[in-house]
Amino acid sequence: MNKTNTKVKISCHCGSIKMELLLPEKIDKIIRCNCSICSKNKGFGMICIPSANLYLIEGQESMTEYFFNTMEYPHIFCIICGTHTHHKSRSSPGKLCINIACIDGFNSDYLNNKIIKFDGINHPKDKILK
Ligand SMILES: [Zn+2]
């Protein structure tokens, strides 16, 4: 997991969605966001990677997109099990944020002290809803 250009498999809970991810560098931090959708999804921890590094193997038909607020950045979910696999980054254009829990066999315990908090609830691209 810590080698450069490591290929890892990603899947949702039911296994309908299968992807591969080429890690451009070692995972040295996990981002935990406090925005409305991340905090409602069990504390969603993520890594952000170039979009070109994620390859869909199977499960396109099991994916659905959810948009909110600016309606520009889709969050991808499995329509069968509800797993939130990834979303398009607002903070880093051209990147995808991957739900770290979807990496098969990944154990985040050893990275507990490297979790970065992201203040997504005050994201500058959010529209103010009143
Ligand atoms: Zn699923």
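Computed from heavy atoms alone, side chains included, the values below leave out hydrogens, waters and symmetry copies.
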S.K.: Hey, could you give me the CD1/CG distance between Ile76 and Asn99, rounded to the nearest 0.5 Å?
M.R.: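 If we round to the nearest 0.5 Å, Ile76:CD1 and Asn99:CG are 12.5 Å apart.
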S.K.: More than 12 non-hydrogen atoms from neighbouring residues, nucleotides or ligands closer than 6.0 Å to NZ on Lys18, yes or no?
M.R.: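 Enclosed.
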S.K.: Does Leu96 reach the side chain of Leu21, with side-chain heavy atoms less than 4.5 Å apart?
M.R.: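 Side chain of Leu96 against side chain of Leu21, heavy atoms only: no contact under 4.5 Å found.
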S.K.: For Cys33 versus Met46, what's the shortest heavy-atom pair and its separation?
M.R.: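 Cys33 and Met46 have their closest heavy atoms at CB-CE, 3.5 Å.
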S.K.: Using side-chain contact (heavy atoms from CB on, under 4.5 Å) as the criterion, list what pairs up with Ile80, not counting sequence neighbours.
M.R.: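 Ile80 satisfies side-chain contact (heavy atoms from CB on, under 4.5 Å) with Cys14, Ser16, Ser62, Cys78 only.
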S.K.: Side chains of Asn34 and Asp119: does their closest heavy-atom pair fall under 4.5 Å?
M.R.: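 They are in contact (side-chain heavy atoms under 4.5 Å apart), so the answer is yes.
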S.K.: Would you say the side chain of Met63 lies within less than 4.5 Å of the side chain of Leu56, judging by non-hydrogen atoms?
M.R.: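 Yes, side chains in contact.
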S.K.: Parallel, tilted or perpendicular: which one describes the rings of Phe77 and Tyr66, with boundaries at 30° and 60°?
M.R.: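 Rings of Phe77 and Tyr66: perpendicular, over 60°.
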S.K.: Does one hydrophobic cluster hold both Tyr73 and Ile98, with members joined at side-chain heavy-atom distances below 4.5 Å?
M.R.: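 No: no chain of side-chain contacts under 4.5 Å links Tyr73 to Ile98.
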S.K.: Please give me the minimum heavy-atom distance between Ile103 and Ile47, naming the atom from each residue.
M.R.: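 Between these two residues, the closest heavy atoms are CD1-CD1, 4.1 Å.
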S.K.: Over all heavy atoms of both residues, which pair between Pro93 and Arg90 is shortest? Give the atoms and the distance, please.
M.R.: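 Distance-wise, the nearest heavy atoms are CD-O, 4.3 Å.
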S.K.: How long is the span from the CG atom in Asp104 to the CD atom in Glu20, to the nearest 0.5 Å?
M.R.: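 If we round to the nearest 0.5 Å, Asp104:CG and Glu20:CD are 10.0 Å apart.
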S.K.: For the pair Thr83 (side chain) and Thr85 (backbone), establish whether a donor and an acceptor sit closer than 3.5 Å, ignoring hydrogens and angles.
M.R.: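 Here the side-chain-to-backbone pair does not exist.
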S.K.: To the nearest 0.5 angstrom, please state how far the CZ atom of Phe68 sits from the SG atom of Cys35.
M.R.: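 Rounded to the nearest 0.5 Å, the CZ-SG separation comes to 5.0 Å.
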S.K.: Can you tell me how far CE of Met19 sits from NZ of Lys9, rounded to the nearest 0.5 angstrom?
M.R.: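 Between atom NZ of Lys9 and atom CE of Met19 there are 12.0 Å.
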S.K.: Hey, what do you get for SG (Cys48) to NE2 (His87), rounding to the nearest 0.5 Å?
M.R.: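 Those atoms lie 6.0 Å apart.
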S.K.: NE2 of His13 to SG of Cys102: how many Å apart, nearest 0.5 Å?
M.R.: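 The distance works out to 10.5 Å.
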